[in-house]
Amino acid sequence: MITSVSEWVTYLQTTGGLLGIPLVLAGLILAAAGYRLWQVAVVLSFGVVGAAAGLSLANSNDGAWLYALIGGLVCSVVSGLKTRYSVCVLGGIIGGGLFNYLFAGFGLTDSLVLILTGLGFVVFAALSFLDTRQVTIMVTAFEGAVLFVSGAVAFVAEVPGLFNYFRNMATGSMIFLPFLLLVPTVGGVLLQMADANRKDSGLTGG
């Protein structure tokens, strides 16, 4: 069961570099054209969220993947019925997750971290409701960055010395991983906004 960044990095190490190819490709597509595929991206994102929730509810490893499958299917179907509102919830989940990651390392009490996580969820969900397209661009760019960096990590895992350096930096520094994700996220946002502006001006089809 994968419940932390460290465990995800370890999983990428065990899968080998072959997994990096689809992860990098999917990350590039999502980061560069996520808003054009936003409905599919939202459904798939909720599928991942549902699968993670199912894994967390599993009582044993034997039935973990069944829980993950059921959770993923249920969340995907529900999010597909109301994609407009699903974007708001997805934005809130990502915002809450970011707040949780940032504040958990400051030595705060669990209750305070939980309150701040809830605040992040509310703020990002509200922003997602007010400006759906801009938030969709940011969310899909961020998800694309996560996939791209994950694929890059799978490739780096083939070089033990470099991988150990990356893992030590990721687990030892709170700002290393956010900065690593920030660069492709910003690049994806700029690409999608430029594409959206061209689409609005009628310079491109679709």
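Counting begins at 1 with the first residue of the sequence.
In terms of hydrophobic clustering, with Ile, Leu, Val, Met, Phe, Trp and Tyr side chains grouped at heavy-atom distances under 4.5 Å, I94 and F129 are assigned to different clusters. V48 and Y67 end up in different hydrophobic clusters when Ile, Leu, Val, Met, Phe, Trp and Tyr side chains are linked at under 4.5 Å. Y85 and V40 fall into different hydrophobic clusters, where Ile, Leu, Val, Met, Phe, Trp and Tyr side chains are chained together by heavy-atom contacts under 4.5 Å. In terms of hydrophobic clustering, with Ile, Leu, Val, Met, Phe, Trp and Tyr side chains grouped at heavy-atom distances under 4.5 Å, V139 and L44 are assigned to different clusters.
Under the side chain to side chain donor-acceptor pair (under 3.5 Å) criterion, N100 pairs with T117, sequence neighbours left out. For S76, there are no side chain to side chain donor-acceptor pair (under 3.5 Å) partners two or more places apart in sequence or in a different chain. Residues passing the side chain to side chain contact (heavy atoms under 4.5 Å, CB included) test with F124 are F99, sequence neighbours excluded. In terms of the side chain to side chain contact (heavy atoms under 4.5 Å, CB included) criterion, residue partners of V74 (sequence neighbours excluded) are, by chain and number, I70, V78. Remark: S86 engages no residue in a side chain to side chain donor-acceptor pair (under 3.5 Å) (not counting sequence neighbours). Among residues two or more places apart in sequence or in another chain, the side chain to side chain contact (heavy atoms under 4.5 Å, CB included) test is passed with L23 by L12, L19, L147, S150. By the side chain to side chain contact (heavy atoms under 4.5 Å, CB included) test, V49 pairs with I93, sequence neighbours left out.
The line from CD of Q192 to CG of L30 is 7.5 Å long, rounded to the nearest 0.5 Å. Here Y35 contributes atom OH and T136 contributes atom OG1; the two are 11.5 Å apart, rounded to the nearest 0.5 Å. In this structure, CG in L108 is found 6.5 Å from CG in L116, a value given to the nearest 0.5 Å. How far CG of D195 is from CG of L191: 8.5 Å, rounded to the nearest 0.5 Å. Atoms CG and OG, on L90 and S79 in that order, are 9.0 Å from each other to the nearest 0.5 Å.
Here the options are V24, L37, T140, the test is side-chain contact (heavy atoms from CB on, under 4.5 Å), and the partner is I29; only L37 passes.
Residue L190 shares its hydrophobic cluster (ILVMFWY side chains chained together at separations under 4.5 Å) with L182, V186. Applying the 4.5 Å side-chain rule to ILVMFWY residues, one finds F179 in the same cluster as V183. Through direct or indirect side-chain contacts shorter than 4.5 Å among Ile, Leu, Val, Met, Phe, Trp and Tyr, I115 is connected to no other residue. Applying the under-4.5 Å side-chain rule to Ile, Leu, Val, Met, Phe, Trp and Tyr, the cluster around V43 consists of that residue alone.
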Check the pair D110 / L114 against side chain to side chain contact (heavy atoms under 4.5 Å, CB included), numbers first and verdict last.
CA-CA 6 Å; D110 292 341; L114 184 61; over 6 Å; no
Does the pair V89 and F46 meet the rule for a side chain to side chain contact (heavy atoms under 4.5 Å, CB included), with working shown?
CA-CA 10 Å; V89 177; F46 270 96; 3.8 Å; yes
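Closest approach of S128 to G91, counting heavy atoms only: OG-CA, 3.5 Å. The nearest pair of heavy atoms linking C75 to G50 is SG-CA, 3.4 Å.
Evaluation of the salt bridge (charged side-chain N to carboxylate O under 4.0 Å, His left out) test over residues 132-154, restricted to residues two or more places apart or in two chains, returns R133-D200.
At most 12 non-hydrogen atoms from other residues, nucleotides or ligands lie less than 6.0 angstrom from CZ of F148.
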